[in-house]
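Below: the structure, in C-alpha cells.
Reckoned from all heavy atoms, side chains included, excluding hydrogens, waters and symmetry mates. As the structure is a prediction and not an experimental result, all values here were calculated from the model.
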Amino acid sequence: MKIPVASPDLSGNEINYVLDAIESGWVSSNGSYIDKFETAFAEYLGVRHALTCCNGTAAVHLSLLALGIGPGDEVIVPTFTFVATANAVVYTGATPVFIDCDPLTWNLDPSRIKPLITHRTKAIIVVPLYGHPCDMDPIREVATEYHLAVIEDSAEALGAAYKGSRCGTLGDIGTFSLYGNKTITTGEGGMVVTNNDDLALRVRLFKNQGMDPERRYWFPVIGHNYRMTNIQAAIGLAQLERIDEFLSHRRQIASWYGKAFSSIPGITLPIVREYADHGWWMYSMLLDDKFVDKRDDVIAALAARGVDSRPFFYPMHTLPMYASYKGDYPVADSIAALGINLPTFVGLNQRDIQYISDSVGAVLNEIL
C-alpha cells in the first residue's frame, strides 16, 4: 500500500476545458480561459481583481514589485515558511527581516512585529501556514500605525477564512500557489488578488515583460515573463468549480485524523483558533520532545509502511543563504524539528486515515 502525501483530483471538467482550449488554438498566455479563471477566482474571494501568473513565487514577487519595494527596503517575513516567501523579497533587492512564530498556530507572532520595525521597513508578509489563518487584526493594527503594506502569501490557504473573510483578501494584496499539491491546481501556477486598482494595473504590467497595455512593444519598466497559459487556466477553472467539495472533504479528513489520533500518545495535534476556518492544506502534527532526534526516523519508518509524509519547513534563518541574518527564533526552531505533514488530499477515505494513524502509532512505539 502506498499513500502519497498529496495527489490532485482531476475528475471534473479539466479534460473538456483543456481540449476546448487546444481546439481554439489559444494555448499560450492569451485565450478565453485566462479571463474566465480570473473572473471566477475574484468572484469566489469577493475581490475586485484576480490576476493569473506562472507560479506562487512569481505571485509574491509581483506583489512586492507592485508595491514599489526595492533596494534599501526591509520586509518582515516569518522565518517559519517555505523558502519562496523570503526569496521573493531578495529578488527585489530588499532585505527580509525574519520573525518568530506563535507556538500554537505556527504562524507569525504579531506581538513580535514592533521591535523589528525600522525606518527601512515597508511591508509585512504573512503566511497562513498549512492552511490556518493568521491573526490578522493585531497585524493590521501595527501595519496601519507604521504605514506598512500587508502582503498575504496564502499559497497554502485557499478557502481558509479569518473571522469570515477569505485568506488572501485581508491585506493590501494577496497571493496563491496553484502547484500540483495545492487545494486546487493548474499544474504550475499562481494568482495575485487585490481590491486596489492601481496595484492590479502594476501587477499586469510587471507580469507581461513590462509592456504598456495601450502601446504594443513599448516597455516603460523592466518586467518579467510571469504569465499563465490558457491551458493551465482551463485546468484551474475546472478545479475552482469544485472548490467547495474539495474543502468539505479536507475538513472531513481532518476530523477523521483528530478522532483516530485521540488515543495515541507522543504527539500534539493541530489546533484551530476561534477566529479561524482552517483550509487543511496539510494535516500537520508535532512529535513530543523525546523524538527530537528521531523525527526523520519516524518519516522513514512510515515510508516503509507505504505512508508518505513530509518534515516541516526548515526555518529561513537556518538555510545557508540566510544564515548570516541575526536573530533568535526558539519557537520556530522547536516546531520545525518536531513537525510532520501527513497525507492530505481529497482521494483519501476513512480507511486510509485509519491505516495512516495506526502506522504512526506503531512507528512511535517501535522507535521508542
Taking the six-membered ring where the residue is Trp, are the ring centres of F312 and Y130 under 6.0 Å apart? yes

Would you please test K122 and E74 for side chain to side chain contact (heavy atoms under 4.5 Å, CB included) and show each step? CA-CA 6 Å; K122 295 297 187 294; E74 293 178 349; over 6 Å; no

Is the backbone N or O of Y179 less than 3.5 Å from a side-chain atom of T185, with the two atoms forming a donor-acceptor pair by type? yes

Classify the ring geometry of Y226 against H224: parallel below 30°, tilted from 30° to 60°, perpendicular beyond 60°. parallel

First locate atom CG of D289, then atom OG of S334, and finally report the distance between them rounded to the nearest 0.5 Å. 6.0 Å

Under the criterion side chain to side chain contact (heavy atoms under 4.5 Å, CB included), I'd like the reasoning laid out for Y91 against T57: C-alpha separation, chi angles, the key distance, then a yes or no. CA-CA 10 Å; Y91 296 163; T57 309; 3.9 Å; yes

Could you tell me if the side chain of Q354 sits less than 4.5 Å from the side chain of D358, heavy atoms only? yes

Taking only residues two or more places apart in sequence or in another chain, which ones pass ring pair (Phe, Tyr, Trp, His ring centres under 6.0 Å) with F82? F313

Using the ring centroid of each side chain, check whether Y329 and H317 are separated by less than 6.0 Å. yes

Group every Ile, Leu, Val, Met, Phe, Trp and Tyr by side-chain heavy-atom contacts under 4.5 Å, then state whether Y146 and F98 land in the same group. no

Closest non-hydrogen atoms of S63 and V192, given as atom of the first, atom of the second and distance, are OG-CG1, 3.7 Å

Side-chain donor or acceptor of E214 paired with backbone N/O of D212 under 3.5 Å: no

In terms of hydrophobic clusters joined by side-chain contacts under 4.5 Å, are I299 and I356 together? yes

For A238, is there any backbone N or O sitting under 3.5 Å from a side-chain donor or acceptor partner on N13? no

When you measure from the side chain of S255 to the backbone of R251, do you find a donor-acceptor pair of N or O atoms at a distance under 3.5 Å? no

Hey, any chance I151 and M136 share a hydrophobic cluster, counting ILVMFWY side chains that come within less than 4.5 Å of each other, even indirectly? no

Between I125 and V90, is there shared hydrophobic-cluster membership here, with clusters defined by ILVMFWY side-chain heavy atoms closer than 4.5 Å? yes

Within the 4.5 Å heavy-atom criterion, are W280 and T183 side-chain neighbours or not? no

Validation row: R273, D135 side chains within 4.5 angstrom (heavy atoms): no

Is a side-chain N or O of D288 found less than 3.5 angstrom from the main chain of K290, in a donor-acceptor match? no

From CD1 (I76) to CD1 (I139), nearest 0.5 Å: 10.0 Å

From C53 atom SG to L178 atom CG, the distance as rounded to the nearest 0.5 Å: 8.0 Å

How far apart are the closest heavy atoms of L286 and I335, and which atoms are they? CD2-O, 3.8 Å

Using atom types as modelled and distance alone, determine if a side-chain donor or acceptor of T39 lies under 3.5 Å from a backbone N or O of D35. yes

Has the side chain of T175 got a donor or acceptor atom that lies under 3.5 Å from a matching backbone atom of A59? no

Starting from L348, can I reach L10 by hopping between I/L/V/M/F/W/Y residues whose side chains sit under 4.5 Å apart? no

Start with the C-alpha gap between V292 and L338, add the side-chain angles, then the distance that decides, and say whether side chain to side chain contact (heavy atoms under 4.5 Å, CB included) holds. CA-CA 6 Å; V292 68; L338 295 168; 3.9 Å; yes

Side chains of F345 and D352 in contact at under 4.5 Å (non-hydrogen atoms): no

Between the side chains of E188 and Q232, does any donor sit under 3.5 Å from an acceptor? no

Examine the side chains of E152 and Y162 and answer whether a donor and an acceptor come within less than 3.5 Å of each other. no

Is N107 reaching over with its side chain to a backbone N or O of L129, donor-acceptor style, under 3.5 angstrom? yes

Is the backbone N or O of M316 less than 3.5 Å from a side-chain atom of T79, with the two atoms forming a donor-acceptor pair by type? yes

Please tabulate, for the side chains in residues 195-208, all donor-acceptor contacts under 3.5 angstrom to protein atoms that are two or more places apart in sequence or on a different chain.
residue : atom : partner : partner atom : Å
N195    : OD1  : R48     : N            : 2.9
N196    : OD1  : D198    : N            : 2.9
N196    : OD1  : L199    : N            : 2.9
D197    : OD1  : R48     : NE           : 2.9
D197    : OD1  : R48     : NH2          : 2.9
D197    : OD1  : H49     : NE2          : 2.7
D197    : OD2  : R48     : NH2          : 3.0
R202    : NE   : A66     : O            : 2.8
R202    : NH2  : L65     : O            : 3.2
R204    : NH2  : E38     : OE1          : 3.3
K207    : NZ   : T52     : O            : 2.6
K207    : NZ   : T52     : OG1          : 3.3
N208    : OD1  : R227    : NH1          : 2.5

Distance (rounded to the nearest 0.5 Å) between L51 CG and F41 CZ: 11.0 Å

Does any N or O in the side chain of N230 come within less than 3.5 Å of the main-chain N or O of W26, such that one atom is a donor and the other an acceptor? yes

What's the verdict on side chain to side chain contact (heavy atoms under 4.5 Å, CB included) for R242 and V346, showing C-alpha distance, side-chain angles and the deciding distance? CA-CA 11 Å; R242 302 174 64 202; V346 297; 6.0 Å; no

Would you say the side chain of S309 lies within less than 4.5 Å of the side chain of V360, judging by non-hydrogen atoms? no

Between CG of N225 and CE of M211, what distance do you get to the nearest 0.5 Å? 11.0 Å

Taking the side chain as everything from C-beta on, heavy atoms only, tell me whether S284 gets closer than 4.5 Å to N341. yes

The criterion is side-chain contact (heavy atoms from CB on, under 4.5 Å); which residues satisfy it with S359, sequence neighbours excluded? L302, R305, V307, Y355

Parallel, tilted or perpendicular: ring planes of H278 versus H132, cut at 30 and 60 degrees: perpendicular

Under the 6.0 Å and 45° cation-pi test, does K36 pair with Y33? yes

Could you tell me if the side chain of F37 sits less than 4.5 Å from the side chain of T186, heavy atoms only? yes

Distance, nearest 0.5 Å, that separates OG of S111 from CG of D102: 8.0 Å

Is there a side-chain contact between Y44 and D244, using heavy atoms and a 4.5 Å cut-off? yes

How about L19: does its CG atom have over 12 heavy atoms from other parts shown lying under 6.0 Å from it? yes

